[in-house]
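Notes follow the structure.
Below, each value reflects all heavy atoms present in this structure, side chains not excepted, and no hydrogens, waters or symmetry copies. Numbering of ligands and ligand atoms starts at 1, following listing order.
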Amino acid sequence: MHSNLLGKMASKIWGMLLVIFAAFSWMVYAHCDDNNKEGSPDQQIIAGWNTWQTKNCQSCHQLYGLGGYMGPDLTNVCSDKNKGKSYLKVFIMNGTGRMPNFHLSDKETDDVISFLSWVDKSGESKISADKVHWSGTYELEKHTK
Ligand code: HEC
């Protein structure tokens, strides 16, 4: 009688644990989807990514602080309120004295911009241009205790 009761409780507890496990697993997967709402890159983004690589933009520009240091970090350039897509387009298609003109076509330029805006949506690069030293190193915020 006594051990029968214990047996019933044990199976209830297992049942509850199973429900909690299932609910938690669902939450974890649902949450992952949430974080990844940009999803996989589409054709235009991939084309832009190819141009980014073949023209070696990264030799002078950083994404998330990684890359060359002649030009600025472009991780969040698309969401910069003072810039916008037409600014980027003019900049990329013409170059400046310091940034070369790669003679990209209209489409290639749009592709690169869509790649950069995809990168932009993936997060924030905390490294601002004024923190970058000419040697290519940079200083993160100092942690004060
Ligand atoms: C030889 C080095 C070099 C390469 C390679 C290069 N850039 Fe640049 N880029 C620069 C420099 C330097 C600047 C800043 C220009 C200035 O202020 O005159 C710049 C600026 C920019 C800006 C404007 C950024 C801002 O915040 O105003 C964009 C956008 C940009 N580059 C995109 C690209 C893309 C896309 C490529 C590849 C197709 C590329 N760059 C390749 C050197 C380079």
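Without hydrogens or angle criteria, Gln58 side chain to Leu66 main chain gives a donor-acceptor distance under 3.5 Å. In terms of modelled atom types and a separation under 3.5 Å, the side chain of Asp120 and the main chain of Leu74 share no donor-acceptor contact. Here the side chain of Ser59 pairs no donor or acceptor atom with the backbone of Gly68 at under 3.5 angstrom. In this structure a side-chain-to-backbone donor-acceptor pair under 3.5 Å is present from Gln62 to Gly71.
Counting heavy atoms closer than 4.0 Å to ligand 1, residue Pro72 contributes side-chain atoms (C-beta onward) but none from N, CA, C or O. Heavy atoms of Thr51 found under 4.0 angstrom from ligand 1: none, in either backbone or side chain.
Protein heavy atom nearest atom 28 (C) of ligand 1, with residue, atom name and distance: Leu74 CD2, 4.0 Å. Taking atom 33 (C) of ligand 1 as the reference point, the nearest protein heavy-atom neighbour is Met99 CE, 3.2 Å. The protein non-hydrogen atom at the shortest distance from atom 4 (C) of ligand 1 is Cys60 SG, 3.3 Å. If you check which protein heavy atom lies closest to atom 17 (O) of ligand 1, you get Arg98 NH2, 3.8 Å. Protein heavy atom in closest approach to atom 40 (N) of ligand 1: His61 NE2, 2.7 Å.
The ligand atoms of ligand 1 that sit less than 4.0 angstrom from a heavy atom of Val112 are 35 (C). Counting the atoms of ligand 1 from 1 in the order shown, those under 4.0 Å from a heavy atom of Leu88 are 29 (C). Residue-ligand proximity, Val77 to ligand 1, at heavy-atom distances under 4.0 Å covers atoms 26 (O). Near Cys57, with a cut-off below 4.0 Å to any heavy atom, the atoms of ligand 1 are 34 (C), 35 (C), 36 (C), 37 (C), 38 (C), 39 (C), 41 (C).
The two residues Gly48 and Phe115 come nearest to each other via the heavy atoms C-CB, 3.8 Å. Heavy-atom minimum distance, Met93 versus Ser105: CE-C, 3.9 Å.
The aromatic rings of His61 and Trp52 sit tilted, their planes meeting at an angle between 30° and 60°.
The N/O atoms of Lys55, backbone and side chain alike, include none that comes under 3.5 Å of an N/O atom in ligand 1.
Closest heavy-atom approach to atom 12 (C) of ligand 1 among the candidates Met70, Gln53, Gln58, Lys83: Met70. When the options Tyr87, Phe115, Trp52, Phe91 are ranked by their closest heavy atom to atom 27 (O) of ligand 1, first place goes to Tyr87. Among Asn101, Thr96, Asp73, the residue whose heavy atom lies closest to atom 18 (O) of ligand 1 is Thr96.
The existence of a salt bridge linking Lys89 and Asp106 is confirmed by a sub-4.0 Å separation between a basic side-chain nitrogen and an acidic carboxylate oxygen.
Checked by atom type, the side-chain pair Ser125/Asp73 shows a donor-acceptor distance below 3.5 Å.
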Check the pair Thr109 / Thr51 against side-chain contact (heavy atoms from CB on, under 4.5 Å), numbers first and verdict last.
-> CA-CA 9 Å; Thr109 310; Thr51 304; over 6 Å; no

